[in-house]
Participant: 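Below are the structure tokens for one structure; questions will follow.
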Amino acid sequence: MLHEILLSLSGHPSPLLRDGHADSAAQSVLSPPERQLLKTAGHLSRLHCELISSTAHISASHPSVICRAVSTAISSTFLAAFQRKVLEVEDNILQKNASLVGTYNIVPLTAVIGEFTGWTRRMEWLWDLVQFISSDKEASPCRAAQLINRLRHELQTGYADIGETALSLVKVAETAWLKQVSAWVLYGRVPALGEKDFFIRENMDDEQGFSIEHSLLPSFVAPPTAASMLFIGTSLNRVKTRNSIDPGNAGLTHLLSQLQTLASLTSPLNSAAFSRAIMSIRLTLSRTTLQKLLPLSKVLEMLTLLRGFFLLGRGEFAMALTQQADQAIRSRWRRADNLAYQKQYGLGNVTVKEGEVAAVLVKTWAALGSMQSQHAEDDDELELARELLRLNLSKTKASTPMKGRVGTDRQAPSGVADTPFRNLLFSVPVVLTSRIPAPLDLFLTTSDIQAYTFINSYLLSIRRSHLHLTDLWKVTSLRRHYPPPPRPPYSTTRGGVARTRALRARWSDRSSTMRSTWSTSSAAIFFLAETEAYLQIEVVEGLWEDFHSWLTDSGQRDNEQSKSSYSPDVFSRNTANDVANENDAQDNDDEPVHQTQNSRTPHHDPQSLAIAHRLYLRTLTRRLLLTQAPFTDALYDLLVHVDHLVALVHRLHGIWTSMDLEADEGVVDALSDLGAEEADVRAGIRDVEAKVKRGVEVVVGVLRRLSTDSAFMGEVEDADDGGDGTGLGSGVGDEAVGEEEEEARYTPRRTGGIDRLLMKLDFGGWFDTGKAVRGDEGGDEF
């Protein structure tokens with residue numbers, strides 16, 4: 001009987017210990033305590049047999065490497081220990097140990113079963129764990145993260161034996177998981193074994209080529225740590241693919257130190273300790289390999305280009321682009337047959353092609369080149385912009401690699417109002433994009449370029465309307481007596497006097513007609529000039545100066561310097577010094593890394609640059625009021641009305657020129673009724689003037705409401721503090737750096753303020769004028 005029991009406990013099922021197998025006669029021989037003891041032995045036997053078969057099946061066929069490692073650890077550690085316990089009991093019986101064998105060599109069944117008392121709860125817990133691993137969910141089998149989270153949760157149990165068992169299995173699971181992590185963070189490779197169980201997935205639809213599957217992350221891995229791991233592996237993968245950096249002996253030394261860093265982690269893994277280890281690996285990678293691949297000089301060069309051309313830091317680019325676009329549209333008007341003006345917004349009858357849009361940018365570069373003097377130095381920034389920037393129709397595939405969502409080239413960034421400012425330049429969706437060079441894609445993403453594109457369309461639309469209004473004053477015949485009265489001696493004759501009176505009467509009538517137009521245009525110019533000055537000087541320039549100071553001074557920013565005005569000469573000298581210091585640091589490759597850190601040029605790893613740059617963009621977008629749809633919609637309507645007013649004024653000027661030719665030179669156009677057209681255009685001008693005036697009033701009203709809106713002010717404060725929220729650069733708050741980098745983290749400077757703009761936008765009683773009295777008198781009050 002004892003031999004059968006021990007053999008059954010060793011993993012060989014016995015029919016004598018099965019429930020309900022023995023008949024009633026056999027059951028009557030055993031006392032109730034004996035039957036209960038045999039039932040306990042049968043329960044342990046069944047658990048042992050099922051664990052042996054289940055762990056063997058899991059170790060051989062489960063898709064998760066961590067689950068297979070845990071299953072193998074259960075079989076090789078705990079089941080083997082149980083079998084050794086069975087052999088120990090059998091050896092004690094054979095040696096007639098007094099603890100088991102009594103008088104007359106009687107072995108009490110209670111003593112034998114009592115030796116396995118501590119194993120019942122442990123075997124039941126192991127069986128529950130094996131059932132959890134081998135769950136029959138074909139669609140979603142047990143994953144490594146789920147198993148690690150369950151084992152870490154079981155550490156909190158009140159049973160010491162269960163806690164020790166769970167701790168042992170946690171060490172096995174986390175060690176196997178760390179081996180997968182080491183393949184990614186040290187070599188940039190997704191582990192070949194357990195690829196589907198790893199939280200980093202190869203994703204060709206993502207611009208980085210890889211993405212994070214958050215459902216496969218263990219609970220102790222914080223989102224910032226996961227983002228750092230994604231950055232490390234992606235950077236290593238790109239360096240390996242390009243094969244542009246030879247690590248040499250220094251690389252092997254850093255690799256050994258990183259391996260020791262991971263090996264020093266103890267189970268159960270602590271979230272803070274694991275984050276510090278990953279951050280140490282990231283900083284080591286940034287200070288060795290990535291510093292050579294992405295020096296600060298390249299970063300400053302690209303950011304300066306984005307500031308100059310996308311944020312209109314170079315005003316001549318916006319002016320040349322606007323002029324070339326207008327010339328392209330006018331050339332299509334000349335080629336169009338029987339194209340008559342229609343009362344509608346935009347230029348719907350003019351079809352713009354992709355080649356024409358690209359040709360406009362080429363002509364813009366030529367115009368900018370012609371502005372430079374003959375003996376001027378080469379403009380490297382202009383040459384780089386000529387190479388990288390593209391002007392595209394938004395309906396076509398942009399030159400910037402779009403591996404994200406489908407149609408992202410036609411959508412505004414997340415959280416930004418989708419007002420179509422890109423439609424104003426050519427009356428069709430046209431955007432300015434940029435190609436991201438190879439090293440710079442370590443911190444620049446397609447979403448960043450899309451944000452710059454949207455901001456560029458916004459700022460360029462305001463600048464374009466401002467230029468169009470000021471160009472009206474260049475039309476001399478609208479502001480002065482044209483043609484001039486005859487000169488003496490003809491002016492003293494009767495015919496000369498009649499001619500002079502006729503010209504004066506004509507000019508007086510036209511001057512009276514244009515009086516309200518000039519008044520409205522002056523008010524619109526004043527509004528656009530003050531708004532543009534606020535956006536460019538208070539917001540864009542203030543934030544850029546602060547961000548550039550953080551880049552070059554590593555966060556040690558002087559308050560007086562941050563408040564000073566922007567100087568191109570000072571910026572050029574700072575950039576030149578940065579480039580020189582960076583080149584000096586690269587020449588001393590044989591010196592220790594800490595000497596490079598002590599140089600004047602600060603060092604920011606690419607992930608910190610990406611986080612700071614996204615925070616800078618998000619803050620810039622909020623300060624430019626691009627997240628406020630009521631403001632952007634009202635401003636867009638105003639800009640459309642301004643374009644309509646400018647078009648009508650030019651049309652009226654053309655009609656008056658034709659009428660002058662007909663009256664003075666006898667050139668008659670039999671196919672047109674100039675008088676009816678003049679009356680029609682005059683009525684249209686009066687209507688559009690009212691719309692422009694109403695548009696300015698609406699925009700100012702929206703600004704006043706925003707200045708008292710607590711929700712909007714809270715949104716701006718949230719952007720200032722780098723908090724999370726919907727908007728540009730999503731994940732900036734989550735991807736915060738560690739505590740060691742808290743002091744060097746970029747914090748946007750508080751600049752601007754709607755109240756400062758509203759103080760300048762004081763139109764007096766101009767908005768009230770015309771509500772009671774309509775007509776030409778409305779413009780005189782301004």
Side-chain angles (χ1 to χ4, degrees), residues 9-11 13 43-85 118-184 190-201 212-221 267-269 274:
L9 291 175
S10 298
H43 180 57
L44 273 175
S45 174
R46 286 191 301 274
L47 288 177
H48 191 197
C49 294
E50 291 174 348
L51 282 173
I52 291 175
S53 61
S54 297
T55 53
H57 176 72
I58 292 173
S59 300
S61 61
H62 201 280
S64 173
V65 175
I66 286 82
C67 291
R68 279 187 272 174
V70 172
S71 175
T72 304
I74 292 174
S75 176
S76 61
T77 303
F78 299 103
L79 298 187
F82 183 75
Q83 290 182 349
R84 288 193 299 270
K85 181 64 176 178
W119 281 93
T120 303
R121 182 171 53 245
R122 183 178 297 182
M123 298 292 276
E124 290 176 349
W125 183 85
L126 289 174
W127 174 240
D128 291 338
L129 181 63
V130 169
Q131 284 184 317
F132 175 77
I133 296 175
S134 60
S135 56
D136 296 335
K137 297 180 179 179
E138 297 294 338
S140 58
C142 180
R143 298 296 187 181
Q146 299 173 354
L147 178 59
I148 293 176
N149 293 339
R150 180 184 174 109
L151 291 175
R152 292 172 66 90
H153 177 72
E154 294 294 336
L155 293 176
Q156 308 301 323
T157 181
Y159 300 102
D161 54 347
I162 300 299
E164 294 175 358
T165 305
L167 179 60
S168 177
L169 295 179
V170 163
K171 292 181 180 179
V172 173
E174 290 181 346
T175 301
W177 185 79
L178 281 178
K179 290 182 179 180
Q180 290 185 329
V181 170
S182 63
W184 175 253
V190 176
L193 295 177
E195 178 182 358
K196 296 182 179 179
D197 201 36
F198 193 54
F199 68 96
I200 299 292
R201 296 290 184 86
I212 297 178
E213 186 70 29
H214 292 279
S215 61
L216 300 179
L217 273 176
S219 59
F220 64 86
V221 181
S267 294
L269 293 177
F274 182 72

Participant: To the nearest 0.5 Å, tell me how far L51 CG sits from L44 CG.
Facilitator: 10.5 Å
Participant: Would V190 and Q180 satisfy side-chain contact (heavy atoms from CB on, under 4.5 Å), going step by step from the backbone distance to the final call?
Facilitator: CA-CA 8 Å; V190 176; Q180 290 185 329; over 6 Å; no
Participant: Go through the structure and list residues passing side-chain hydrogen bond (donor to acceptor under 3.5 Å, both in side chains) with E124, not counting sequence neighbours.
Facilitator: H43
Participant: Distance from R143 atom CZ to L216 atom CG, nearest 0.5 Å?
Facilitator: 6.0 Å
Participant: In residues 66-74, what donor-acceptor pairs under 3.5 Å come from side-chain atoms, sequence neighbours left out?
Facilitator:
residue, atom, partner, partner atom, Å
R68, NE, H62, O, 2.9
S71, OG, T55, O, 2.9
S71, OG, S59, OG, 3.1
T72, OG1, S59, OG, 3.2
T72, OG1, R68, O, 2.8

Participant: Does any part of the side chain of I52, heavy atoms only, come nearer than 4.5 Å to the side chain of S75, both counted from C-beta?
Facilitator: no
Participant: Mind checking salt bridge (Lys or Arg N to Asp or Glu O under 4.0 Å) for D161 and listing every partner two or more places apart, or none if nothing turns up?
Facilitator: R121
Participant: Report the distance from atom OH of Y159 to atom CD of E164, rounding to the nearest 0.5 Å.
Facilitator: 15.0 Å
Participant: Could you check whether atom CZ of F132 has more than 12 heavy atoms from other residues, nucleotides or ligands sitting under 6.0 Å from it?
Facilitator: yes
Participant: Step by step, would you call L147 with L151 a side-chain contact (heavy atoms from CB on, under 4.5 Å)?
Facilitator: CA-CA 6 Å; L147 178 59; L151 291 175; 4.1 Å; yes
Participant: Pairs under 3.5 angstrom only: tabulate donor-acceptor contacts from the side chains of residues 167-177 to other protein residues two or more places apart or in another chain.
Facilitator:
residue, atom, partner, partner atom, Å
E174, OE1, S267, OG, 2.9
E174, OE1, L269, N, 3.0
E174, OE2, R152, NH1, 2.7
E174, OE2, L269, N, 3.4
T175, OG1, K171, O, 2.5

Participant: Side chains of N149 and Q146, heavy atoms from C-beta outward: is any pair under 4.5 Å?
Facilitator: no
Participant: Between V130 and E50, does the side-chain contact (heavy atoms from CB on, under 4.5 Å) criterion hold? Intermediate values first, please.
Facilitator: CA-CA 10 Å; V130 169; E50 291 174 348; over 6 Å; no
Participant: Where is the tightest heavy-atom contact between R84 and T77, given as atom of each residue plus distance?
Facilitator: NH2-O, 4.3 Å
Participant: If I take atom CG from residue D197 and atom SG from residue C142, how far apart are they, to the nearest 0.5 angstrom?
Facilitator: 8.0 Å
Participant: Not counting sequence neighbours, which residues clear side-chain hydrogen bond (donor to acceptor under 3.5 Å, both in side chains) with E154? List them please.
Facilitator: W125
Participant: Any side-chain heavy-atom pair from S54 and W127 closer than 4.5 angstrom?
Facilitator: yes
Participant: Return yes if some donor-acceptor pair links the side-chain N/O of R201 with the main-chain N/O of K196 below 3.5 Å, else return no.
Facilitator: yes
Participant: I want to check something: taking the side chain as every heavy atom from C-beta on, are E213 and I200 in contact at a cut-off of under 4.5 Å?
Facilitator: no
Participant: How long is the gap from CD1 on I58 to OG on S134, to the nearest 0.5 Å?
Facilitator: 4.0 Å
Participant: Taking only residues two or more places apart in sequence or in another chain, which ones pass salt bridge (Lys or Arg N to Asp or Glu O under 4.0 Å) with K85?
Facilitator: E115
Participant: What about the rings of H48 and F82, do their centers lie closer together than 6.0 Å?
Facilitator: yes
